[in-house]
Amino acid sequence: MTSRRLVLSRSAAVIGAASTGLLLPQIVRAQSAKVRVGFMLPYTGTFAQLGVAIENGVRMALAEQGNKLGGREIEWFKVDDESEPSKGIENATRLVQRDKVDVLIGTVHSGVQMGIHKVARDTGVLNIIPNAGVHAATRALCAPNVFRTSFSNAQPTLALGKAMVDKGHKKAVWITWKYAAGDDAYEGFKESYTKAGGTIVKELGLPFPNVEFQALLTEIAALKPDAVACFFAGGGAVKFIRDYAAAGLKDKIPLYGSGFLTEGVLDAAGPAADGIMTTMHYSDSLDTPRNKNFRLEYAKQFKMQPDVYAVQGYDSGLLLLQGAAAVKGDLSNKAALYKAMEGATIDSPRGKWTMSKSHNPVQDIYLRVVQNKENKVVGVAAKALADPGTGCRMG
Ligand code: PHB
């Protein structure tokens, strides 16, 4: 009885307010219903483990705050994007039109991200990117409703070139999957390596998610560079690390990479990964209470070690919490929501970071080395590094 009366009197208030033009009915509905949060992530294929780690991280951050956003409960939705760019628009549309999500958290693969990006720009849905570093999303095609909590693909590699030259490696081969992320990562590497005085003797590539590395490794052996730098991730990274060692290159030509190479793969890669140096906005061994607590809690909850993807998911949750708190759960108050998200400082396990004007993290990049299945910090390779955000004009 009581609840029915409450509903009736509430709707009477809505009609009254709407007729005076003070309050739109959909705003009242939005505030009283659950917040609809949609994951569009890879749960199959070479990036499957990355998707799981991201979802774990998001859920962990929200659980720490009682699973509420600005006082409202949450309803979860989920789509496996398979890291398949051709299905990107269709999958994102499903979450937005069918499931009517208030926020779409996704994704990992840069090509799929471009599909989400089109849907986000067309519909205005809030999109938090928990990984994909594709430059366009926070450069020329940046948008007020799109925020990234991870990195731009060039951020790690912009810090890589100098670290390699400092170690005396003047001639390098670059190798990657040929798609947006590999191309963007190369842009950062080329700039930093050549500026530091290095020469790129050859740029090698193969289509995503191909893992037939043999012919390319033979070519590297013949070229005899001082070092190799690369972008690979997930299941493909495990295979590359193992094949590199099996080809006898591990002890002859030092292997470097954008840090994804050694994220979430160290158990599977085993000793073949020892000694690989990478640059990344996170390191397992960051000696801060924040990171230590995060790692302990994550391992307890999910029975696995966290990696950079788990951290990025966790930070996506923190960003959403901050935004929702600022508008007291009324995510339809977009101007105030975006302002709060833009001005957020995220107290991350990776260290505190802020949001750039183009909605990408401004963050420290660490130089790491793999030792005994851990990414150990060697030092800070770049302090408070921002992506240039070239061509970004918020509409
Ligand atoms: C990307 O496609 O942007 C991407 C995928 C996996 C990574 C990093 C970047 O680990």
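These numbers come from a predicted model, not from an experiment.
- The backbone N or O of V211 sits less than 3.5 Å from a side-chain atom of K239, completing a donor-acceptor pair.
- The aromatic rings of F240 and F213 sit perpendicular to each other, their planes meeting at more than 60°, with 30° as the lower class boundary.
- Between F151 and F260, the gap from one ring centroid to the other is short of 6.0 Å.
- Of the candidates D387, N127, T138, T138 is the only one forming a side-chain hydrogen bond (donor to acceptor under 3.5 Å, both in side chains) with R148.
- Between the side chain of R242 and the backbone N or O of A268 there is at least one donor-acceptor pair closer than 3.5 Å.
- Side-chain N or O atoms of D284 include none that pairs as donor or acceptor with a backbone N or O of K376 at under 3.5 Å.
- Annotation: side chain of V378 is in contact with side chain of M277 (closest heavy-atom distance under 4.5 Å).
- A salt bridge is defined here as a Lys NZ or Arg NE, NH1 or NH2 lying under 4.0 Å from an Asp or Glu carboxylate O, and R350 with D315 meets this definition.
- Ion pairing of D99 with R36 is absent here, as no side-chain N (NZ or NE/NH1/NH2) approaches a carboxylate O to less than 4.0 Å.
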Evaluate the side-chain hydrogen bond (donor to acceptor under 3.5 Å, both in side chains) criterion for residues S283 and R368: first the C-alpha distance (whole Å), next the side-chain angles of each, then the deciding distance (0.1 Å), finally the verdict. CA-CA 7 Å; S283 172; R368 307 114 40 100; 5.0 Å; no

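- Ring pair H359/Y338: centre-to-centre distance not below 6.0 Å.
- The shortest heavy-atom contact between K100 and Q97 is NZ-O, 2.7 Å.
- In this structure, E297 does not pair ionically with R290, as no charged nitrogen and carboxylate oxygen lie closer than 4.0 Å.
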Using side chain to side chain contact (heavy atoms under 4.5 Å, CB included), reason through T194 and T199 one step at a time and then give a plain yes or no. CA-CA 6 Å; T194 54; T199 304; over 6 Å; no

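- Between W177 and F47, the ring-plane angle classifies as perpendicular under the 30° and 60° cut-offs.
- Criterion: ILVMFWY side-chain heavy atoms under 4.5 Å apart, direct or through other members. Under it, V362 and I128 are not part of a common hydrophobic cluster.
- A donor-acceptor pair is defined here as one N or O able to donate and one able to accept, closer than 3.5 Å; such a pair exists between the side chain of S356 and the backbone of S358.
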Sequence neighbours left out, cut at 3.5 Å: what donor-acceptor pairs do the side chains of residues 219-235 make with other protein atoms?
from, atom 1, to, atom 2, distance (Å)
E219, OE2, K202, NZ, 3.1
D226, OD2, K170, N, 2.9
D226, OD2, K171, N, 3.0

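- Residues A381 and T279 come closest through the heavy atom pair CB-CG2, 4.0 Å.
- Here the closest non-hydrogen pair linking M394 and P144 is SD-N, 3.5 Å.
- In terms of modelled atom types and a separation under 3.5 Å, the side chain of D364 and the main chain of A384 share a donor-acceptor contact.
- Of the listed residues (D81, L50, D80), just one forms a side chain to side chain contact (heavy atoms under 4.5 Å, CB included) with Y43, and that residue is D80.
- Using modelled atom types, no side-chain atom of H135 and backbone atom of A140 make a donor-acceptor pair closer than 3.5 Å.
- N375 places a side-chain N or O within 3.5 Å of a backbone atom of T262 that can act as its donor or acceptor partner.
- Interatomic distance, N145 CG to T123 OG1, rounded to the nearest 0.5 Å: 7.0 Å.
- You'll find the side chain of M164 reaches within 4.5 Å of the side chain of L160, heavy atoms only.
- Residues A344 and L319 approach most closely at CB-CD1, 3.8 Å, considering heavy atoms.
- Two residues are said to be in side-chain contact when any heavy atoms from C-beta on lie closer than 4.5 Å; Y366 and L286 meet this criterion.
- No donor-acceptor pair under 3.5 Å is formed between the side chain of K357 and the backbone N or O of G389.
- For Q113 (side chain) and I129 (main-chain N/O), no donor-acceptor pair under 3.5 Å exists by modelled atom type.
- Residue I116 belongs to a hydrophobic cluster whose other members are M40, F77, V79, I89, L95, V96, V101, L104, V112, V119, V125, with links defined by side-chain heavy atoms closer than 4.5 Å.
- Of all non-hydrogen atoms in A340 and G323, the two that sit nearest each other are CB-CA, 4.3 Å.
- Taking the charged nitrogens against the carboxylate oxygens, K178 and D183 do have a contact shorter than 4.0 Å, which makes a salt bridge.
- A salt bridge is defined here as a Lys NZ or Arg NE, NH1 or NH2 lying under 4.0 Å from an Asp or Glu carboxylate O, and K78 with E55 meets this definition.
- The existence of a salt bridge linking E64 and R59 is excluded, since no basic side-chain nitrogen approaches an acidic carboxylate oxygen closer than 4.0 Å.
- The minimum heavy-atom distance linking A247 with Q214 is given by the pair CB-NE2, 4.5 Å.
- In terms of modelled atom types and a separation under 3.5 Å, the side chain of S285 and the main chain of V377 share a donor-acceptor contact.
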Which donor-acceptor pairs under 3.5 Å do the side chains of residues 301-309 make with protein atoms, sequence neighbours left out?
from, atom 1, to, atom 2, distance (Å)
K303, NZ, K300, O, 2.7
Q305, OE1, R295, NH2, 3.4
D307, OD1, Y309, N, 3.0
D307, OD1, A310, N, 3.0

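- Here the CD1-CG distance, from I74 to N67, works out to 5.0 Å after rounding to the nearest 0.5 Å.
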